[in-house]
Structures are given as structure tokens and as C-alpha cells.
Amino acid sequence: MPSKPYDPKEIEAKWQRRWEESGVFHAKQDFSLPPYYALIEFPYPSAAGLHVGHGRPYTGLDIVARKRRLQGYNVLYPIGWDAFGLPTENFAIKNHVHPELVTRNNIAHAKEQVQALGISYDWSREINTTDPSYYKWTQWIFLQMFKRGLAYKKEMAVNWCTSCKCVLANEEVVGGVCERCGHEVIRKTKSQWMLKITEYAQRLNDDLDGVDYIDRVKSQQRYWIGRSTGAQLRFATTAGDDLEIYTTRPDTLFGATYMVISPEHPLIDAWKERLANFAEVEEYRRAAQKKSDFERTEINKDKTGVRLQGVAAINPVNGAEIPVFLSDYVLISYGTGAIMAVPGHDTRDWEFAKAYGLPVVEVVVGGDVAKEAFTDCETGTMVNSGFLDGLTVDEAKKKITAWIAEKGIGAEKVNFRLRDWVFARQRYWGEPIPVVHCPHCGTVALPEDQLPLQLPMVENYEPTDTGESPLALLTDWVSTTCPQCGAPARRETDTMPQWAGSSWYFLRYCDPNNDAALASKEALEYWMPVNWYNGGMEHTTLHLLYSRFWHKFLYDIGVAPQSEPYAKRTSQGMILGEDGEKMSKSRGNVVNPDDIINAFGADTMRLYIMFIGDFEKTAAWNSASVKGCRRFLERVWGLTELLTPGEGYRPAFEGEFHRAIRKVSLDTEALKHNTAIAALMALLNGIYESGSITRGELKTFLLLLNPFAPHMTEELWEQLRFGGRVTDQSWPAYDEAKCTEQTIEIAVQVCGKLKGKLVIAADLPEAEVLALAKAEPKTAEAIAGKQMVKEFYIKGRLVNLVVK
RNA sequence: GCGGCUAUGGCGGAACUGGCAGACGCGCUGGAUUUAGGUUCCAGUCCGAAAGGGUGCAGGUUCGAUUCCUGUUAGCCGCACCA
């Protein structure tokens, strides 16, 4: 009988040690068992360590993992470290410590913090993206892409962070500044490694239909991929060349009164000789070139442009000669870099037309094009459109697209907003790109037997001012020979972006020590796809999209067994500071999990972070409320004082327990850990009211609570000599029939207003219930002398009598 | 501007498929224990004396609406000239 007080410090250290020593949470190699793969996004080991927010997803899925193990599943719940990248490198430079050492220290600290929470990770499968035996396979995947033309080098304008001295992916530029450091991002033309994610755009979009992701993730990914259907068609010009455009509104072709091309459009140079105002055009192009994308967006609230003098386009439907403009509101990177402008039915074209005094023609009836563009496609009818007049927009689209095809000037076309992925960084702390530049053979892949291409240990890893990677300064490393012809050659000096290592890490967990493949076929077939993946919303258009792309590629080359890596995706809400603001060092509102664990214990910490509210919603930390969870655990600890013999449930509690088992079982699968805990609290209150608990009841209670508070439940189980350990037990079963109550309380309403209550047998026939309801004193008074219109009995809920 | 989400007591939050709004916890009030504070235990706690009224606001559908529909306000997140 434990009469000593609840001491989480001692208990938690003891059980964490035992779990580690016994390896009880290691996924089993027995592939005949039913598998369950739960995954959280592996953390970035930053110098600041973890804050309480990290505990939310870790604990949330830990509860699922622990429960699934008790249910007999072979559970894989792993963790590792996404350790390459700029924060570590910047920290290293600032403090004059090598990034490798910084990484090692940060991991050691973060690992202690995670372990203090008592998460049931399989530490035998811990991985680290900076480990050569890991990035060997990151490089290997890159080479497979390179060999199939999906990794290519291209001279292009890129986002350049002026502070990090490094290119950024489009996804990493937020509001015109670097997502990571907040400094200005400008355009810079550089030769860059790219990955052809656009080749997978259609599948990345369509395959969302087959996976169980929360809606906001799906809709954000769909929006980012940006699939649109329209038509691509050629306008003849007075210069002889055709000008090709893309439009989603081919129906408005009769309303096209001018054309606009992007400043970077190649036809401008071809037309140089014909352009009377080429100097002015050049001036505009130079100005546009200098601006960052963000400035271009900002400044062009007011549209600017230059009319090309000397070239006009011909509208194919009516032969009208229309002017061609150059404006930076048209982007070279989307569609064909040129548009037909329909000011009557496109807001941007309308604004431009107003600014330059261009005619506005109404071709869809429904708005007032003199006041603003009418962009609705649902309701309008075509006018001023020759053979399209009188049709709906949809009908007109079909007819004109057929007409365009018939004339041989264009066809229906699908476009995507998604761009190829800029896959190189001019920094030190990343995976070296395993290729060699040979003056004779061009860019040559390193033979696979030379992987991993190790990142050289260097003294100086600071970014250069030339825009090259610091690796470029290592003459000995850079100088090599061509694997194909043996001639002197240079190594690629750019490294991979941080997103590389995380694009496939979930595969490595399946078989983390394999040296012959990224993971064995058997292991992948057994574990994949991930059953449940939880992570932050901020990764929706980055890591989550990138890793789906890599996985589809690996599927195509026969490495991955399915084309989608994650069967289910959820996302935790952010934990804000006590002041309701985002936790940050500068605000001084960061709550450190170590402090909470010291003061209350890990079980209380786990319970509170789950009890704080809806898992998916943002929640503010509240230190004052934590003690409620500690109190609950103290009361559970005190149950031993109420213990009476008996292995079964007492009759009065049988239903209570069956309902609690059902509630906790279902709520945890729905990630509603808060209401599961509330149900356990309510059950505990009932037990205290009754003054006792049987051994059988306490066993069930401890099993239900175990996923939430694993340390104290194990300790009680052991002290009470319940036999074995909780981790060896089975999750309690419930009987649906025993969940229903015999007698129930129902409400009696008159015209929807509550009048009284009735305690009746659950299966009492409707007629008898209605009779009892009418006899209920308050109700009888309310219906006296009135005419009964209708009577409702909602079984087990209420009676509503409608009178007049 | 576009896309998505949210709004419930003093606070965090519950509420199945349209069926008793406020479960559970914090806080607060009163009482018991204690020299006292803390802890623990008991009782109470949406507003209102009551009738009644209450889920951001205004309508609608319904016997019945926190839940469905229309409009509107406020806030959060994402995207931002994608033709």
C-alpha cells in the first residue's frame, strides 16, 4: 500500500530509466504483427532548446502510440534531428564554434528535454540528417533525380537574402523578406540547381483526394499548386511573329482590346529594330529588373507600363489591330509571359486601361463595366461577341475553345502556379551536391560507390561576398578528376537546402542502419505509409509538399511501395505565451518545459498540455491552471486508500466504466485528448463520491490513464502488485450494450420551453412517456385548457408538447 | 483583394447526426480542518429577487438552432498582379 506522498521526480526518473533499459518501446522486427506508424515532425535542434509548444504534438501522438501498443499493434514511433541549416551555421559563426559541435550540443540538450517528458520514442532508431551515413542517401536520391533530368541547373533570377548571403526558395520568402532572418530579399541572376517539382504538379494536386489530411492542409496545398484550366492561343502581330498568351477566360476574347507582355519577354529583343521607342522600353525593363518581387508587387498598386510603338497585335476573332504594352504586372514565370487584356472583365486589366485611356468593351452582361470590371463567371450572358452572343460564360468557353482549335491557333491548356524548386544554397552547413563539373563532359554525377560525399571539415565556414559557397575556397576539395574521362574537374560547391534531409526521413526510420539501401524493401512494405503524421501548418507548402514530391519520385523508380507517404495528416495549434502572444525570447514569455516538469512533474505537464483545449486550435499557456492537473493526479494517487477487494466492476459503476472506456478510446483516436481527460476526471469524482474502488476498477482506471500519465500509472500498478507492467497489459474493452443506461432523465418542454424533468426507464414506450410528461405538474399547468397541436418524443432526450 | 478558420460564463474550454447550453478544469464565495498561511475536504458559482433572458450582431428555416441558411461585424492564419 503506498501511503507515501506522490513524488513525481523519483517516480519519473525510475520509469524512464526502466523503459530505456528494457527497450519496451522499440518497434519489433516481427512483421507478422499489425503495424502502426505514428510520426511527428522531427525537431530542429536549435540553441534555444524546446519550449512547451513542442510537447503538444509529441505528447498528442505519444498517447495514440501507447494506446495502440496496448491494443496489440507493433508501433513505430520514432524521432530524430533535422540538423543541417542556417540557424546552426549562423550561431556557429557568431560564437566561433564549429557547426558540427553546435549541432552535437544542441541535440544533447534537446534530447534530454524530450526524454524528460517520457515520450515513448524508439530511441534505437534515432536519426540525424547531418550524419554521413544518413546524407549518403539524401545524396543518392538527388543523383537518381539528376540522372532522370529532374535535377537541373538553370541561369535564372532568384531570391537572394542580403543577410544570409544565400538564395531562397519561393516558399522561404515571406512578405518580401527572408523567412528566417527577416532581412530584405532581392532578385539576383544566378545559375542554380533546380528540382522539377512542376512535373509532379498534377499528381500532387489530384492525389490529395485519396489521403486523409485535414481540410485546411488540402486547400492550402491545392492553392499553392494552383491548377487552372484555360486556353493557350496565338495572336498574329504586325511584326510577323505570333504572340502566344494563356487565358482562363477565352470566352472574353471579343473584349480583348490590348495585349500586355512581361518586361522579360523574349520577343521584345526580337522586335528591337521595329520599336520606335526602344530606349523607353529598355529603361522600363531596367527599372523592373532592379526591383525585388516584393517591390514590384508593392509599387504596382498603381499599374505602370510602356506601349510598344511599331508593333500591334491582331485579335483573331474580329481582325482588330490592338496595341501591345509592356508591364511588370505580367509575370514571365507564369503561362507564356503574355496576356490578352480584357478590361471589362478583369480587375487588373481594367485598372491599366483606366490609367492609359484604353477602350473597355463589355462582352458579358451583368455588371457595369464603366465603374468596375465584371469578373463573375457564374451568372452573365455573352454580348458584343459575334457567334458567342446569348451564350452563358461556360457555353462560350467551350465554343470558343473549339473555334480556336479549329483555326489551328491554340488549344485548351492547364497551368499551375507551382514553380520548380530552387535546390541549392551557397552555405557550408548542408549536404554537398554530389556532382563534378568537367570541361569535357559537362556536369557529371559522382558514382554511387563514392557516396557519401562528405562535407569537409574546415576552419572557415563564413559566407563569401561573391555569392559562392564557402566550399569554393577549399581548392584541394574542389579540385578533383572527372569520373567519366579522368580529366581535371571541379566539384560542385553549393550545398542542398535544409528541406532535403527532411524530404525522406520517415523512410529511414523503417530501417535506420541499412548501408545497402535507404531502407530495405521489406521494411518499407511493412511500415509504409505513415498511418498518422502530425506537424505544423507552416510546413504545408514546404516540407509537406516537398516530401510528397520526393516520395512520388521514389515510388516511380520502384523504391517506395506507395505513391503517397502519409495516410493521415493533422496539425497542432500553437501554444502562445501567458500574455496571449507568440512565445519568443525577445518578448520574454517563453515557458520552458523543464521548469514545469521540475515544479509539477512530467505527468502533470503532459496532462495539462493535452487538457489545455482543442488540439488543433491555438491556446495560451496558463500557469495557474496547471495545478488542476496535478490535483487530479494526487487524487488518483489517493485511490489506494479507497481500495476494496474485487476484480470486477460494482453494478453501480459497470456502465460508468464501459462508457469511460468507450469515450477515452474514441476521443484519443480523434485527437480529442482534452475531453478524454475530462471524462476520466468525472469518473474519478464519481468514485470518490462512492467512497471506494475495487481492484478491477482501479486496474481499468490506470490503464485508461496510462497513455496520458505513464509514469505514475506504472508506479501504482507496481506498488499494488497488479502483476507485470502496464506496458504488458491489454487496452480495456468495452461492451456497447453495457454503455446504455437503464434509467434516464429526460426534459419536458412545452412549445420548446423547458418545463420539467422526468426520470424514466430507458426503454419505456413512447405513449407512456408522453402520458407521464403530461402529468408532470409544471407541464400539466402549462398545457391546461390548451389545444394539443403536436407531440414529439426524441428517445432518451426530451418530450416537446406543442399547444395553442 | 482572394482562400481558409474562429467568436459560448470572470478565464481555458464542453455540447452526438438539429434535441435539457455551460461537461471538465482554473478562479471566486461561504464553511470545516489548521496557531496562521498553504494543503485537503464540504457546499455554491451564466445573468436575474422572480417571471424570464442568454452562445459576436441582424434576419430566416424548424415543434425545437451554439449547431443549418442569408447578411453583417471583429479577430486569426495562409496567399498576394498566377491572366
Side-chain angles (χ1 to χ4, degrees), chain A residues 5 174-176 214-224 226-228 230 245-250 252 260 262 293-294 296-298 300-301 303 327-331 333-342 345-349 351-352 375 415-419 537-538 540-541 573-574 607-608 611-614 616-629 631-632 634-635 638 666 672 674-685 688 745-758 789-804:
Chain A
V174 176
I214 51 173
D215 287 343
R216 52 198 173 127
V217 169
K218 281 194 186 183
S219 67
Q220 262 184 51
Q221 284 210 351
R222 285 221 169 85
Y223 190 77
W224 191 262
R227 184 182 193 277
S228 72
I245 61 104
Y246 171 73
T247 178
T248 55
R249 294 295 302 275
T252 61
V260 188
S262 151
D293 268 356
F294 185 63
R296 246 163 103 150
T297 312
E298 277 295 283
N300 291 311
K301 298 265 170 108
K303 303 226 170 345
S327 174
D328 59 8
Y329 86 84
V330 173
L331 308 174
S333 50
Y334 185 78
T336 62
I339 61 157
M340 66 177 199
V342 185
H345 305 283
D346 181 282
T347 311
R348 297 149 302 186
D349 297 345
E351 284 167 11
F352 191 85
T375 57
N415 254 328
F416 297 92
R417 303 167 69 115
L418 188 68
R419 308 291 151 79
M537 280 307 288
E538 70 274 20
T540 300
T541 55
M574 209 192 302
L607 216 48
Y608 176 66
F611 190 60
I612 197 165
D614 186 327
E616 307 232 338
K617 283 193 196 140
T618 306
W621 184 267
N622 184 334
S623 293
S625 293
V626 179
K627 67 174 76 127
C629 291
R631 250 177 228 163
F632 168 67
E634 297 272 7
R635 273 158 66 80
L666 298 179
K672 294 167 90 171
N674 53 335
T675 50
I677 293 167
L680 289 173
M681 288 174 166
L683 178 59
L684 183 74
N685 291 343
Y688 265 93
E745 191 186 56
I746 63 162
V748 182
Q749 298 178 335
V750 175
C751 294
K753 299 260 182 261
L754 183 67
K755 291 297 169 190
K757 306 222 167 163
L758 229 45
V789 179
K790 210 159 183 190
E791 301 171 6
F792 294 88
Y793 172 49
I794 310 300
K795 197 165 188 309
R797 296 281 173 185
L798 54 67
V799 168
N800 189 12
L801 304 172
V802 185
V803 294
K804 72 174 179 190

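Chain identifiers are assigned alphabetically (A, B, ...) following the order of the sequence lines, protein sequences preceding nucleic acid strands; residue numbering begins at 1 within each chain. When reading the values below, keep in mind they use all heavy atoms of this one structure, side chains included, and skip hydrogens, waters and symmetry mates. This one's a predicted model, so the numbers in the text were calculated from it and none came from an experiment.
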- Query: Taking a pair as Watson-Crick or G-U wobble with both distances under 3.5 Å, which nucleotide is matched to C68(B)?
  - Reply: G60(B)

- Query: Can you find a side-chain donor-acceptor pair between N685(A) and R635(A) that sits under 3.5 Å?
  - Reply: yes

- Query: C20(B) base to K757(A) side chain: any donor-acceptor pair below 3.5 Å?
  - Reply: yes

- Task: Using both distances under 3.5 Å as the test, list the Watson-Crick or G-U wobble partner of G27(B), or none.
- Result: U45(B)

- Go through G19(B), A83(B), G12(B) for me and flag the one nearest to the F611(A) side chain. G12(B)

- Task: Report the C-alpha distance between Y329(A) and E351(A) in whole Å, list the side-chain angles of each, state the deciding distance to 0.1 Å, and finish with yes or no for side chain to side chain contact (heavy atoms under 4.5 Å, CB included).
- Result: CA-CA 11 Å; Y329(A) 86 84; E351(A) 284 167 11; over 6 Å; no

- Message: Between A7(B) and A14(B), how many Å separate the two C1' atoms, rounded to a whole number?
- Response: 16 Å

- Task: Kindly say if R216(A) contacts the phosphate of G3(B), meaning a side-chain N or O under 4.0 Å from OP1 or OP2.
- Result: no

- Message: Show, in sequence, the C-alpha distance, side-chain angles and deciding distance for I746(A) and Y793(A), and conclude whether the side chain to side chain contact (heavy atoms under 4.5 Å, CB included) test is met.
- Response: CA-CA 10 Å; I746(A) 63 162; Y793(A) 172 49; 4.0 Å; yes

- If you check every side-chain atom of M681(A), which of A83(B), G25(B), C20(B) has the closest atom? G25(B)

- Report yes if a side-chain nitrogen or oxygen of T675(A) is closer than 4.0 Å to either non-bridging phosphate oxygen (OP1 or OP2) of A23(B); otherwise report no. no

- Examine G25(B): is either OP1 or OP2 under 4.0 Å from a nitrogen or oxygen in the side chain of N685(A)? Give yes or no. yes

- When the C1' atoms of U66(B) and C77(B) are considered, how many whole Å apart are they? 23 Å

- Query: Is the shortest side-chain N/O distance from N674(A) to OP1 or OP2 of A14(B) below 4.0 Å?
  - Reply: yes

- Item | Separation of atom CH2 in W621(A) from atom C1' in G25(B), rounded to whole Å | 14 Å

- Message: Without decimals, in angstroms, what is the distance between E616(A) CD and G78(B) C1'?
- Response: 16 Å

- Message: I'd like to check M340(A) versus T252(A) (side-chain heavy atoms, cut-off strictly below 4.5 Å). Are they in contact?
- Response: yes

- Start at the 5' end of RNA chain B and walk down; is the nucleotide closest to T336(A) or to Q220(A) reached first? Q220(A)

- Query: Below 4.0 angstrom from OP1 or OP2 of C79(B), is there any side-chain N or O of Y223(A)?
  - Reply: no

- Write down the partner of G38(B) under the Watson-Crick or G-U wobble criteria, each distance required to be under 3.5 Å. none

- Query: Touch check for I794(A), heavy atoms < 4.0 angstrom, all strands: base, sugar-phosphate only, or nothing?
  - Reply: base

- Distance between the P atoms of G48(B) and G9(B), in whole angstroms? 15 Å

- Message: Heavy atoms only, 4.0 Å cut-off, all strands: where does K627(A) land among base, sugar-phosphate and nothing?
- Response: sugar-phosphate

- Spacing of the P atoms in G19(B) and A65(B) (rounded, Å): 11 Å

- Can you tell me, in whole Å, how much space there is between the P of C69(B) and that of C5(B)? 11 Å

- Message: In this structure, how many angstroms lie between the C1' atom of C20(B) and the CD1 atom of I746(A), rounded?
- Response: 10 Å

- Item | Sugar-phosphate, base or nothing in reach of S228(A), heavy atoms under 4.0 Å | sugar-phosphate

- Tell me: CG of L754(A) to P of G54(B), nearest whole Å? 15 Å

- Task: State whether R216(A) and E616(A) are salt-bridged, where the test is any N-O pair (Lys NZ or Arg NE/NH1/NH2 against Asp/Glu carboxylate O) under 4.0 Å.
- Result: yes

- Decide, for G9(B), between syn and anti: a glycosidic angle within 90° of 0 counts as syn, anything else as anti. syn

- Would you mind reading off the distance between N800(A) atom CG and A65(B) atom P, rounded to a whole angstrom? 10 Å

- Message: Applying the Watson-Crick and G-U wobble criteria at under 3.5 Å, what pairs with A50(B)? Answer none if nothing qualifies.
- Response: none

- Distance test, side-chain N/O of R631(A) to OP1/OP2 of C41(B), below 4.0 Å: no

- Message: Categorize T618(A) for me: base, sugar-phosphate, or nothing, with a 4.0 angstrom heavy-atom threshold over every strand shown.
- Response: sugar-phosphate

- Item | Nearest-Å distance once atom C1' is located in both U17(B) and U62(B) | 16 Å

- Under a 3.5 Å cut-off for both distances, is C2(B) Watson-Crick or wobble paired, and to whom? G78(B)

- How many angstroms lie between CG in L798(A) and NZ in K757(A), if you round to the nearest 0.5 Å? 10.5 Å

- Pairwise C1' distance, C46(B) and G4(B) [rounded to whole Å]: 32 Å

- Sugar-phosphate, base or nothing in reach of K672(A), heavy atoms under 4.0 Å: sugar-phosphate

- May I have the distance from R797(A) (atom CZ) to U17(B) (atom C1'), rounded to whole angstrom? 10 Å

- Query: For A7(B), what is the paired nucleotide under Watson-Crick or G-U wobble rules, both distances under 3.5 Å?
  - Reply: U73(B)

- How far does the C1' atom of U67(B) sit from the matching atom of C16(B), given to the nearest Å? 11 Å

- Message: The test is side chain to side chain contact (heavy atoms under 4.5 Å, CB included); show your working for Y334(A) and S228(A) and say whether it passes.
- Response: CA-CA 12 Å; Y334(A) 185 78; S228(A) 72; 3.2 Å; yes

- Stacking check F792(A) vs C63(B) (5.5 Å / 30 deg): yes

- Whole-Å distance separating the OH atom of Y608(A) from the C1' atom of G13(B): 11 Å

- Message: Set out, in order, the CA-CA distance, both residues' side-chain angles and the distance that settles side chain to side chain contact (heavy atoms under 4.5 Å, CB included) for M537(A) and Q220(A), then state yes or no.
- Response: CA-CA 9 Å; M537(A) 280 307 288; Q220(A) 262 184 51; 3.3 Å; yes

- Query: What is the distance from CZ of F632(A) to C1' of G25(B), rounded to the nearest Å?
  - Reply: 11 Å

- Query: When you match E634(A) and K753(A) each to their closest nucleotide on RNA chain B, which lands nearer the 5' end?
  - Reply: E634(A)

- Task: Quick one: pull up CG in N415(A) and OG1 in T336(A) and give me the separation to the nearest 0.5 Å.
- Result: 8.5 Å

- Task: Indicate, with a heavy-atom threshold strictly under 4.0 Å, whether D614(A) touches base, sugar-phosphate, or nothing.
- Result: sugar-phosphate

- Message: Any base atoms under 4.0 Å from R635(A), or only sugar-phosphate, or nothing? Heavy atoms, all strands.
- Response: sugar-phosphate

